J.: 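The following block contains the structure, expressed as structure tokens.
From a predicted model like this one, the values you see are computed outputs, not experimental measurements.
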2 protein chains.
Amino acid sequence: MTAAIDLAGLPGRPCTIAAALELVGERWSLLVIREVSLGNHRFSDIARGTGAPRDRLTARLNALVAAGVLEKRPYSDSPPRSGYHLTASGRDLLPVLQALLQWGDRWAADSPPVRLTHAPGDSAVHQVDAAWICRTCGEPVMGSRVTRELTPAGRALSGLPDEEEHDHDH
Amino acid sequence: MTAAIDLAGLPGRPCTIAAALELVGERWSLLVIREVSLGNHRFSDIARGTGAPRDRLTARLNALVAAGVLEKRPYSDSPPRSGYHLTASGRDLLPVLQALLQWGDRWAADSPPVRLTHAPGDSAVHQVDAAWICRTCGEPVMGSRVTRELTPAGRALSGLPDEEEHDHDH
DNA sequence: GCGACCAGGTTTGCACATCAAACCGACCCG
DNA sequence: CGGGTCGGTTTGATGTGCAAACCTGGTCGC
């Protein structure tokens, strides 16, 4: 299931980026998601694809299952074996991987080892070059001016450093 | 400036996602980027905003400067002080933060503490709901079928078993 | 039935990273 | 001078990461 993080328990600013990183920010976690999304569902395949040590992989897989990002699905009875599959929450992480891939292609490697292409409709196949747009108005998100406002929940949280004061006597 | 990672030196599949995580995937790194992008450029502000221990923060800031994601910019001479600012490469990480924010809002917290809005043109202000689209053809990227092909560079690197399709399984 | 082999972990022993808290030096303010 | 701020560095305890060996079932060849 979905494992909601208690934002008040996190260090620093209450922010769902930090909450997300709490669930999938440890080493290997996102690479495990990548492998599973590529169709590698078995322990050994994920181990080979990511290069993670086996004990770390065990820990990460369990954590990701607990976080509701992966689910275990048995594929064999007589040697009881299960594969790991993305849940809806896990599939929603693919944009994160896309963002990292695009950044990595541009800034972290001399020449990208993989090219993504697609063929929308019947027009020519071309390379994917992704941008974030607002689904409501179609405007690009990163360029335009975005304003951040606290929600009621956020307002309740951000009185944090004052909570020592029981007498209101300034 | 840009510190390219040697893909052959990474464990597992040669992939720029792994390379990107090598540069900005350690704990606190992305939260540091978040703080700087919010306008907190000083050591103490970043420490408070992220909640990171000060020695870790020192290490991460140095690593991010070495990776070309941040740059140090002096703002005072007589006590020699510098602030940290995003480079072009650092600004290109904002889509990664946007992706994590959106996932975190949806899956990692009960009620998001911050809402993003924007006002494109003169129409009504509305909440940002971002999607990846292909800049070339305008099609949404995550839904449509994307194919992965190895580049020459990738072929040179790889003795690994490629290549399934992205399975959006149920 | 016997030994080899495989998948999916668990255990072990050691190295390295992380943490909170104390410390430090330069500077400023009164 | 005394106290405070800023931007770190040092310290000692604790935790996490790693490679490699080991274990537990089950299958396969013969």
J.: For A:Leu61 and C:dG8, what is the distance between atoms CG and P respectively, to the nearest whole Å?
T.: 11 Å
J.: Between atom CG in A:Leu57 and atom C1' in C:dG8, what is the gap in whole Å?
T.: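 The answer, rounded to whole Å, is 10 Å.
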J.: Rounded to whole angstrom units, what separation is found between the CG atom of B:Asn40 and the C1' atom of D:dC6?
T.: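 So the CG-C1' distance, B:Asn40 to D:dC6, works out to 15 Å.
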J.: Taking 4.0 Å as the cut-off, does a side-chain nitrogen or oxygen of B:Tyr75 come that near to OP1 or OP2 on D:dG7?
T.: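 Yes, because at least one side-chain N or O of B:Tyr75 sits under 4.0 Å from OP1 or OP2 of D:dG7.
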J.: Suppose we screen for side-chain contact (heavy atoms from CB on, under 4.5 Å). Which residues come up paired with A:Ala47, at least two apart in sequence or across chains?
T.: A:Leu57
J.: Which label fits A:His41 and A:His85: parallel for a plane angle under 30°, tilted from 30 to 60°, or perpendicular past 60°?
T.: parallel
J.: Please round to the nearest 0.5 Å and tell me the distance separating atom CZ of A:Arg115 and atom CG of B:Leu150.
T.: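 Reported value, rounded in 0.5 Å steps: 10.0 Å.
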J.: Walk along nucleotides 12-30 of chain D from 5' to 3' and tag each nucleotide B, S or - by protein heavy-atom contact under 4.0 Å, base first, then sugar-phosphate.
T.: -----SBB-----BSS---
J.: Hey, does A:Thr58 reach any base, or is it just sugar-phosphate, or nothing, if we go heavy atoms under 4.0 Å?
T.: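 Touches a base.
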J.: Please state whether the rings of A:His118 and A:His126 are parallel, tilted or perpendicular, taking 30° and 60° as the class boundaries.
T.: perpendicular
J.: Does some side-chain heavy atom of A:Gln98 sit less than 4.5 Å from a side-chain heavy atom of B:Val141?
T.: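 Touching, per the 4.5 Å side-chain cut-off.
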J.: Answer yes or no: is there a side-chain heavy-atom contact under 4.5 Å between B:Leu64 and B:Val32?
T.: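 Yes - at least one pair of side-chain heavy atoms lies under 4.5 Å apart.
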